[in-house]
Amino acid sequence: KEKEWGESDEDLQDKKTVDIADWVTSNLLGPEQNNTLIIIEGTSGQGKTAFCRMFVSRVKEEIYPAYIPIYIRLQDINSRFVDMKESLNKYLNAIRYFNENEGWLTDFNKRFAIILDGFDELPLSNADTMQFLEEILKFQEETPGQFILTGRTGFIEAFQDIFQQHSVCRGIIQPMSDKIQLSWIK
């Protein structure tokens, strides 16, 4: 379900549930979404990471070459944080393309769907987490790529003041029924 800032769980009850993959895809490909950060939130164990892994496959199979997917587990970002761009480069340096193309993040000839999974699991201080978030939002506004950020709802809401200053859309993962789980497996 799509959630607005300040909306209560009761307010969400009246909203229509949509397939999260379809919602993210429409936000990726929609003309007005080029500079909008996509946030996917939920409680612990709700399926955010499982969704990210399955969505990477979907992007490769259905959306590529419009976007090239990159999946990053934020808990693996080095705790000796300098800046977001350097942290992403260090994380991806084992992949030849990123090692040889220093300006990959700002390359307007390629559009990356950068899926940052586990915002609440960043091994950083509060000040560094704030800086990381501000840099993501800045890059989102200035580059052709698309950032998709996942995290626990309470942690995401702790940064509400920053998010509200930027173009952000939020989706809440709902518990999966057996029927939905089977549709994802197929």
Which atom of [X] lies closest to which atom of [Y], heavy atoms considered:
X	Y	value
E141	S167	OE2-N, 4.4 Å
E41	K48	C-CD, 4.0 Å
I38	V24	CD1-O, 4.1 Å
G118	T150	N-OG1, 2.8 Å
G145	Q140	O-NE2, 3.3 Å
T36	C169	CG2-N, 3.7 Å

Hey, what do you get for [atom1] ([X]) to [atom2] ([Y]), rounding to the nearest 0.5 Å?
X	Y	atom1	atom2	value
E134	M130	CD	CE	6.5 Å
L133	H166	CG	NE2	7.5 Å
L149	L74	CG	CG	7.0 Å
I115	Y67	CD1	OH	11.5 Å
N27	R170	CG	CZ	13.5 Å
I20	I40	CD1	CD1	5.0 Å

Across all chains, not counting sequence neighbours, the side-chain hydrogen bond (donor to acceptor under 3.5 Å, both in side chains) partners of E61 are none

Would you please name every residue forming a side-chain hydrogen bond (donor to acceptor under 3.5 Å, both in side chains) with T49, sequence neighbours left out?
D117

Do F147 and F139 have ring centroids that are under 6.0 Å from one another?
no

Treating T43 as the side-chain partner and Q46 as the backbone partner, does any N or O pair qualify as donor plus acceptor under 3.5 Å?
no

Using only atom types and a distance under 3.5 Å, with no angle test, would you say the side chain of D120 pairs donor to acceptor with the backbone of R152?
yes

Only one of I148, T153, L116, V168 passes side-chain contact (heavy atoms from CB on, under 4.5 Å) with I39; say which it is.
V168

Plane angle bin for F159 and F163 - parallel if under 30°, tilted between 30 and 60°, otherwise perpendicular:
perpendicular

